[in-house]
> 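Once you've had a glance at the structure underneath, I'll fire off some questions.
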2 protein chains.
Amino acid sequence: MHTLQNKLTSLYPEMSRPDLQLVLKKWDVATYPRHHVLVREGEYSPYLYYLAMGAVRTYYHKLDKEVTEWLALEGTFFTSSLGFYRNLPSRLAIAFLEPSKVFLLHRDQMEALCSHAHGIERLFRKLLIEHLLVTQQRVDSFHFETAQQRYEHLLEQNPSIIQRIPLSYIASFLGMTQETLSRIRNVR
Amino acid sequence: MHTLQNKLTSLYPEMSRPDLQLVLKKWDVATYPRHHVLVREGEYSPYLYYLAMGAVRTYYHKLDKEVTEWLALEGTFFTSSLGFYRNLPSRLAIAFLEPSKVFLLHRDQMEALCSHAHGIERLFRKLLIEHLLVTQQRVDSFHFETAQQRYEHLLEQNPSIIQRIPLSYIASFLGMTQETLSRIRNVR
DNA sequence: TTAAATCCATGACATTTGTCAAAAAATAGG
DNA sequence: CCTATTTTTTGACAAATGTCATGGATTTAA
């Protein structure tokens, strides 16, 4: 089960029971229908989100075309880093691709939690390490891999994205056009 | 001046004096000549480095060609994230492009410091936020920008790299060939 | 200071990926 | 179950970037 509690525990298994409970209490829950736009480009969105169910994408407009920056299925965190960590307006928009259930935590809540307990500060440091390593890997994939290899790696590492999410979003997420991805899939 | 103390202070200005002193004490210093290889691919390198003087690059081999993953001048941190944060062997090699002065902190030292004082854990959380935002920006540049735009942004944001570092490394860092970069510079 | 090594520019051509247009296929919702 | 809508495939062609080869300029190190 993709519970928030499980997720947090796996990040920092040694965390104390009371710290964990305290953190869990501060999140809000919400559910949204397919296609709902959670955040628009340029809005403030100082939240960390945990997707408990569903699918979501973050995107923005580049010369009036939509570019998908990130795709996530249930069991993952997502956020606008600028919004959450820097309190700046989000470059990104966020919208759901399936009916979804989301937990959200405001940056002020997080900062307060971090100040309140050393163990909680550690939890969020560990979350950042995860986030950094994933992001690093994404840089590498763009830097060193061809379109074909990027697709193959996604297929290996996250096949359910390919089954559940429309091709056009996946192509954009991988940094190529829909036509190119279609050709790659069909062996050209 | 690119002192480590200034750098740490700017990350977390409210840090207590004793915490700061404690952190500073744990770093080692070393100087290296040009071309010195600090870490080879596949070696363990559980260190965070601060470059106080000089220039450095991280790179690895892709089909027997060297690809530059990162370039840094004095005043910046650098590391193998896998080595430092995960204690895994480094995918990357690290070598100096100029005679350099480096501060280094072992991951065990960092973890001990974090455990010792809440304020220090916060410092390293803030360091991670910086690192994440920079990395995020790099993803975006690969995802959304053409070779030309990537070069122009580097020119704006870090012109001294272009003056001090050989074209071939810069090209590779920007994800293009040396010939392409040469043509971009010379207006084609 | 000079020879060797490295670095940079340029031409010809190949490859990858993008663009535009249209039709086929799949899906959603009444 | 059927139609409207969305998604995917395919073709023809264009643009961006890579590859290979070469020569000149610059830098390094003895």
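Note on naming: letters A, B, ... go to the chains in the order of the sequence lines (proteins, then strands), and numbering restarts at 1 for each one. No hydrogens, no waters, no symmetry mates; every other heavy atom, side chains included, goes into these values.
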> Would you call A:Arg122 and B:Glu121 a salt bridge, taking side-chain N to carboxylate O under 4.0 Å as the test?
yes
> Quickly, which of B:Leu24, B:Thr3, B:Leu4 forms a side-chain contact (heavy atoms from CB on, under 4.5 Å) with B:Phe103? Name it, please.
B:Leu4
> Between atom CG in B:Leu174 and atom C1' in D:dT17, what is the gap in whole Å?
14 Å
> Tell me what B:Gln148 touches on the nucleic acid: a base, only sugar-phosphate, or nothing, going by heavy atoms under 4.0 Å.
nothing
> Given D:dC20, C:dT17, C:dC7, identify the nucleotide with an atom nearest to the side chain of A:Ala147.
C:dT17
> Tell me which nucleotide among D:dT19, D:dT9, C:dG18 gets nearest to the side chain of A:Asn186.
D:dT9
> Using the closest heavy atom to pick a nucleotide of DNA chain D for each, name whichever of B:Glu145 or B:Arg34 lands nearer the 5' end.
B:Glu145
> Rounded to the nearest angstrom, tell me the gap between atom CG in B:Leu181 and atom C1' in D:dA16.
15 Å
> To the nearest Å, give me how far apart CD1 (A:Ile165) and C1' (D:dT6) are.
16 Å
> When you get a sec, tell me which of D:dC20, D:dT9, C:dC8 is the closest nucleotide to the side chain of B:Glu179?
D:dC20
> Taking the minimum atom-to-atom distance to the side chain of B:Leu167, which one of D:dG18, D:dT10, C:dA9 wins?
C:dA9
> Please confirm whether the shortest side-chain N or O distance from A:Thr180 to OP1 or OP2 of C:dG18 is below 4.0 Å.
yes
> Is atom CZ of B:Arg86 surrounded by more than 12 heavy atoms (other residues, nucleotides or ligands) closer than 6.0 Å?
yes
> Answer yes or no: does a side-chain N or O of A:Ser182 lie under 4.0 Å from OP1 or OP2 of D:dT9?
yes
> On the six-membered ring of B:Tyr169, is B:Arg57 placed so that its NZ or CZ lies under 6.0 angstrom from the centre and within 45° of the ring axis?
yes
> Rounding to a whole Å, what distance do you find between A:Tyr169:OH and D:dT7:C1'?
10 Å
> Nearest-Å distance, CD (A:Gln149) to P (C:dT16)?
11 Å
> Taking the side chain of A:Gln178 as heavy atoms from C-beta outward, which of D:dG18, D:dT9, C:dA9 is closest to it?
D:dT9
> Are OP1 or OP2 of D:dT8 and a side-chain N or O of A:Arg183 less than 4.0 angstrom apart?
no
> May I ask you to say whether A:Glu152 pairs ionically with A:Arg185, meaning some side-chain N is under 4.0 Å from a carboxylate O?
no
> Roughly how many Å is it from NE2 in A:His35 to C1' in C:dG29, rounded to a whole number?
13 Å
> Please state how far atom CZ in A:Arg185 lies from atom C1' in D:dT10, giving the value in whole angstrom units.
14 Å
> In whole Å, what is the span from the CE atom of B:Met176 to the P atom of C:dT17?
16 Å
